[in-house]
Amino acid sequence: MSGGDRPGTGHRTDGGVASEIDRIAELAKRRGFFIQTASVYGGVGGFYTYGPQGTPLKDSITDSWRDLFVTRQGNMEVDAPTVMPEAVFDASGHLDTFDDMILECPGCDGSHRADHLVEDNTDIDEAESLPPAEVGEIIADNDIVCPTCGVALAGEPVEEFNLMFETNIGPGTASPGYLRPETAQGIFVDFPQLAEYARNQLPFGVAQVGRAYRNEISPRKALVRVREFSQAELEQFIDPETDEPPLDRVADVTLPLYAARQQEADDGGVKSLTVQEAVDSGVIESDWIAFYLGLARDWYESIGVDMDRFRYRQHLPGELSHYAADCWDAETEIGGDWVEVTGFAYRGSYDLDKHADHSGESFSVFKQYDEPVTVERPTVDPDMSELGPAFGGVAADIADALAERAGRDPDAFAGETVTVVVDDERYDVPVEHTGFAVEEVTESGEHVTPHVVEPSFGLGRLVYTVLVHAYREDQVDGDDRQYLSVPPAVAPTTVGVFPLMDRDGLDEYAREVAGQLRSAGLSVTYDEAGAIGRRYRRQDEVGTPFCVTIDYDTLEADTVTVRERDSTDQRRVPTAELAETLGLLRDGDLLFDEL
RNA sequence: GCGCCGGUGGUCUAGUGGUAGGACAUGAGCUUCCCAAGCUCAUAGCCCGGGUUCAAUUCCCGGCCGGCGCACCA
C-alpha cells in the first residue's frame, strides 16, 4: 500500500491528507518522537525536543549520512561553535540580507517588506542595503501605497527584523555575537587551516553536523519550520577549471527532475533522467551538483523517503540566493505540500572571496602545475632617483601606474617615452628610467580560490518526512493497525523481545536473550506486559522491524520465532544464530523471506 | 507580524457560572500457548495572568501555544 495513495503535484487540503497528518502528529506525541519544548511553561514556538523514539531515529539518519557523505567520500568533518562574532556575518552577508525591513499598513494591518515596496515602485534596485529611515523617506517621497488595500504608507515606521538571534560575547555589549543561521560559515572562516590539513590538495570536502538558529517570524507545521534545527552540510571545495566528480559512480541513477524550464512551462510534471542524461542534455549545468544529486537520491531511499513523493526542483532565476549560481532543492511531499529537505547550491567562490576581503587573509590554495612553465613577464624597476625629482609627490603613484601598464600593455614601452595617467593627469616618462624589462620567469603553479558545491541537509525535516512516508494503516485479523514501515537500519529499535507468557521460565529466558542481543550491539526492547498481540502492536507503532518471541518450543528445541513488522509473518530461528541473523536483517544483507 | 478558529488526564474527546465524565493508553492483580480479548483495582486533567461575580474550566480582556490564510522563508 506504500505508493497507492500518492498525491499529485500541487497543493491538497482535503480531509484525507490532513487527517493522516493529524494521526501522525498524535502518534509522534504519544510515542515520543518529538514533543513541544517546555510545554509546562506554556511552550515556546518553534522549538521541539526529540523524544525517546525520535532521538534514535534522528541519530540513525545522521549516522547514515555521515557514513555516506563523509567516510565513504573520504571527506573531513569539523564541529564549529554555534556562536560566532559579528565580523563573520558581516563578511558572509547575513547581517545585511537577514535583516528584513518590515512596514505595517495602517489600513489593512498587513505587513510588507519595505525594501521590496521601494524596489517595486522606483528604479532603485537594492533598497535592502539602505538604512531603514531612508527607505521610509523614499516611500513617502514616492507616495507609495499599500499593494493590498491602496492606503498611503507615507510616515509609517520601517521596523527592522533580523532573523539571527543576537547575543553578547563576554560582559557588556562591545562584542556582539550571533547564533549561526547556517553551519556553513564555521567551515568557511577556518578554510585556511582546513586547506592546510588537506595538504592544499583540491578537491576536498569538509562536512559538519550541527544546530543552526533562525528567529522565524512564524514557525509552522511541526518540524518543518522551527527556530532551532539541525543541519548536515558538506562543503565540497573544487578547482572549477580542472576538478571533475567521479560521475561514473552515479551515472545510471535516475533523478526525478523538476527543472526551472518545466516550472515556467507550468506543466507540473517531473522528468526522469539519469545523472548522465541530465549532464549531457545540460539540464544540470554543474557535474558536481549532478554527482551529489545522484549520490543523495539513493540515500534518501535508503532512509525511508518514498521516492514517489520526492523530487529535485531547480531554483528559478529570480529565486536564487545572492551567492548561488545554480541551486536544486530536494523536496518531499508532506500533507500535500512540497517541503525543501536539502539544498544543493553551487556557491562559486562567493564565500571564500568575502572572507578573504574582510579578513585580509588568503583563502586560496597554491596549485602546482604538473610541470613548471616558463613565461615571459614584463616588469618595471623605476629609477626613483630620476622620477622623484622629476615628478615630486606623484612619483610613487607613477611608479605604480608603470607597473600596472607593463603588465597590461608592454608594447607601450617600445618607444622613447611611455605615458601614464595618474588622477586624470598625463605624465610622459622616459623609458630608460622605468627599468622596463621582459624577464623569463619559471612558474611552478598558481593560486586558486576554490569554488564551493554545497549540499545542505535539514535533518529535522528529513526525520519528519520519514515518519510521514513510513506511516501505514492496515488490518490484522480484522483489527486496525498503525505501523511505521521504516527501513530496519534507521528504526529507533531493531528488535523487541517477548516471552510468550511471563512465567514458566519463559520470562527469565527472554531476558537472557535480550541481554545477549544487546551485547551483540543490537538495539533491543524487552516487553512482557499484556497479551502478545498488544506487544507486537506497540512495536509496530514505533517502527521496530522485528520481534522475537520466546515460547514453550524454545525451552525444548532452542529456537525462537522472529516476526516481521510489515508482513506479520513469522519464522523459527535457532537461538544460537539469532544475533547474527538479526544483524544481517537490520543491515539489509539478508531478507526476511530468505529465512 | 496580521486575520479567522481553537486550547479539558499521556492521547482523543463530552460537558458545565457552583472545580468535571467517557474511550484509548499506562500501572498492579487474575486470566491467556502468537497478533490491541475479558474481569477487578489504581494513577492521571479544565494553558497562563487579569477582570466581572458570592462563586470562573465556563463570560470578558490580555498573553502563551496550536491549526489555517496572508506575509516571510537570506
Side-chain angles (χ1 to χ4, degrees), chain A residues 11 13 18 21-23 25-32 35-47 51 89 92-113 115-116 128 146-149 159 161-164 181-182 184 214-222 224-226 319-324 327 329 335 339-340 343 345 475-483 498-504 506 529-541 547-555 560-563 565 567-570 572:
Chain A
H11 294 233
T13 53
I21 292 294
D22 289 345
R23 290 197 294 279
E26 186 268 331
L27 175 63
K29 258 189 283 190
R30 185 161 48 77
R31 297 310 301 264
I35 50 188
Q36 182 150 36
T37 299
S39 57
V40 295
Y41 291 110
V44 52
F47 293 92
F89 300 112
S92 70
H94 286 99
L95 268 184
D96 286 338
T97 61
F98 248 55
D99 206 0
D100 287 343
M101 282 175 274
I102 303 287
L103 185 147
E104 282 183 30
C105 170
C108 63
D109 285 334
S111 48
H112 304 281
R113 285 279 297 270
D115 50 329
H116 288 182
E128 198 170 59
C146 173
T148 309
C149 69
E159 308 278 353
F161 182 78
N162 194 299
L163 275 315
M164 284 195 291
E182 62 175 16
R214 297 179 192 182
N215 201 0
E216 297 285 355
I217 297 171
S218 177
R220 284 287 162 90
K221 293 185 178 177
V224 172
R225 194 191 304 176
V226 290
E319 188 182 2
L320 287 170
S321 309
H322 55 278
Y323 52 73
C327 187
D329 285 343
V339 173
E340 175 193 349
Q475 289 206 325
V476 174
D477 294 347
D479 287 322
D480 291 334
R481 178 174 78 133
Q482 294 180 304
Y483 66 105
F498 317 141
L500 186 59
M501 296 290 138
D502 59 345
R503 62 181 185 207
D504 300 330
L506 292 176
I532 190 75
R534 176 189 297 272
R535 286 176 269 164
Y536 285 142
R537 301 300 165 83
R538 282 190 189 119
Q539 296 308 311
D540 288 341
E541 277 191 338
C547 291
V548 166
T549 300
I550 281 69
D551 56 24
Y552 288 94
D553 289 346
T554 307
L555 301 180
V560 299
T561 62
V562 178
R563 176 261 198 189
R565 174 195 62 209
S567 64
T568 75
D569 289 343
Q570 297 182 322
R572 287 206 84 86

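Order of the sequence lines fixes the chain letters, A, B, ..., with proteins taken first and strands second; residue numbering starts at 1 for each chain.
Using a 4.0 Å heavy-atom cutoff across all strands shown, A:G46 reaches sugar-phosphate atoms only and no base atom. If you check every strand for non-hydrogen atoms under 4.0 Å, A:D540 touches nothing. Within 4.0 Å (heavy atoms only), A:T561 reaches at least one base atom of the nucleic acid. A:R220 comes within 4.0 angstrom of a nucleotide base, judged by non-hydrogen atoms across all strands. In this structure, A:V40 reaches neither bases nor backbone, as no heavy-atom distance under 4.0 Å exists between it and the strands shown. Among the protein residues, A:D551 comes within range of the nucleic acid bases, having at least one heavy atom under 4.0 Å from a base atom. Residue contacts shown for A:D502 include a base, since a base heavy atom lies under 4.0 Å away. Contacts of A:A222 with the nucleic acid, taken as non-hydrogen atoms under 4.0 Å apart, involve only primed sugar atoms and P, OP1 or OP2.
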Quick test: give all pairs of protein nitrogen or oxygen and nucleotides 61-63 of chain B nitrogen or oxygen below 3.5 Å, distance rounded to 0.1 Å.
none

Could you go over nucleotides 24-28 of chain B and give all protein N or O partners under 3.5 Å, atom names and distances?
residue: B:A25; atom: OP1; partner: A:R534; partner atom: NH1; Å: 3.1
residue: B:U26; atom: OP1; partner: A:R538; partner atom: NE; Å: 2.6
residue: B:U26; atom: OP1; partner: A:R538; partner atom: NH2; Å: 2.7
residue: B:U26; atom: OP2; partner: A:R534; partner atom: NH1; Å: 2.9

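In plain terms, the two heavy atoms of A:H94 and A:N162 that are nearest each other are O-ND2, 4.3 Å.
Proximity note for A:V476 (side chain, C-beta onward) versus B:U32, B:C35, B:C65: the nearest is B:C35.
A straight line from CZ of A:R23 to P of B:C12 spans 13 Å, rounded to a whole angstrom. Counting to the nearest Å, the P atom of B:A36 and the CD atom of A:Q475 are 12 Å from each other. Regarding A:Q570, its CD atom lies at a distance of 8 Å from the P atom of B:C35, rounded to whole Å. Rounding to whole angstrom units, CG of residue A:D504 and C1' of B:U32 are separated by 12 Å. Taking atom CD of A:E182 as the reference point, atom P of B:C73 lies 16 Å away to the nearest angstrom.
Scanning for side chain to side chain donor-acceptor pair (under 3.5 Å) contacts around A:E26 gives A:R30, with sequence neighbours left out. For A:T37, the side chain to side chain donor-acceptor pair (under 3.5 Å) partners two or more places apart in sequence, or in a different chain, are A:T49. In this structure, A:D553 has no side chain to side chain donor-acceptor pair (under 3.5 Å) partners at least two apart in sequence or on a different chain. With sequence neighbours left out, A:E216 forms a side chain to side chain donor-acceptor pair (under 3.5 Å) with no residue at all.
In this structure, the separation between CZ on A:R534 and CG on A:D540 is 13.5 Å, given to the nearest 0.5 Å. One distance of note links CE of A:M164 with CG of A:L95; it measures 4.5 Å at 0.5 Å rounding.
Contact of the A:Y483 side chain with the A:R537 side chain is not registered, since no non-hydrogen atoms from C-beta on lie closer than 4.5 Å.
Judged by closest nucleotide on RNA chain B, A:S218 is the one of A:S218 and A:F47 placed further toward the 5' end. Nearest-nucleotide mapping onto RNA chain B: of A:R503 and A:E26, the residue sitting toward the 5' end is A:E26.
A donor and an acceptor atom, one from each side chain of A:Y536 and A:T549, are located under 3.5 Å apart.
Look at the C1' atom in both B:A14 and B:A36: the space between them is 24 Å, to the nearest Å. Taking the P atom of each, B:G9 and B:C61 are spaced 23 Å apart, rounded to whole Å. B:A42 and B:U52 have their P atoms separated by 42 Å, given to the nearest Å. Nucleotides B:G45 and B:G21 are separated by 11 Å at their C1' atoms, to the nearest Å. Atom P of B:U58 sits at a distance of 8 Å from the matching atom of B:C47, rounded to the whole Å.
When the side-chain nitrogen and oxygen atoms of A:Q36 are compared with OP1 and OP2 of B:C65, none of them lie within a distance under 4.0 Å. The phosphate of B:G66 (OP1 or OP2) has no side-chain N or O of A:K221 nearer than 4.0 angstrom.
With salt bridges taken as basic N to acidic carboxylate O contacts below 4.0 Å, none links A:D569 and A:R563.
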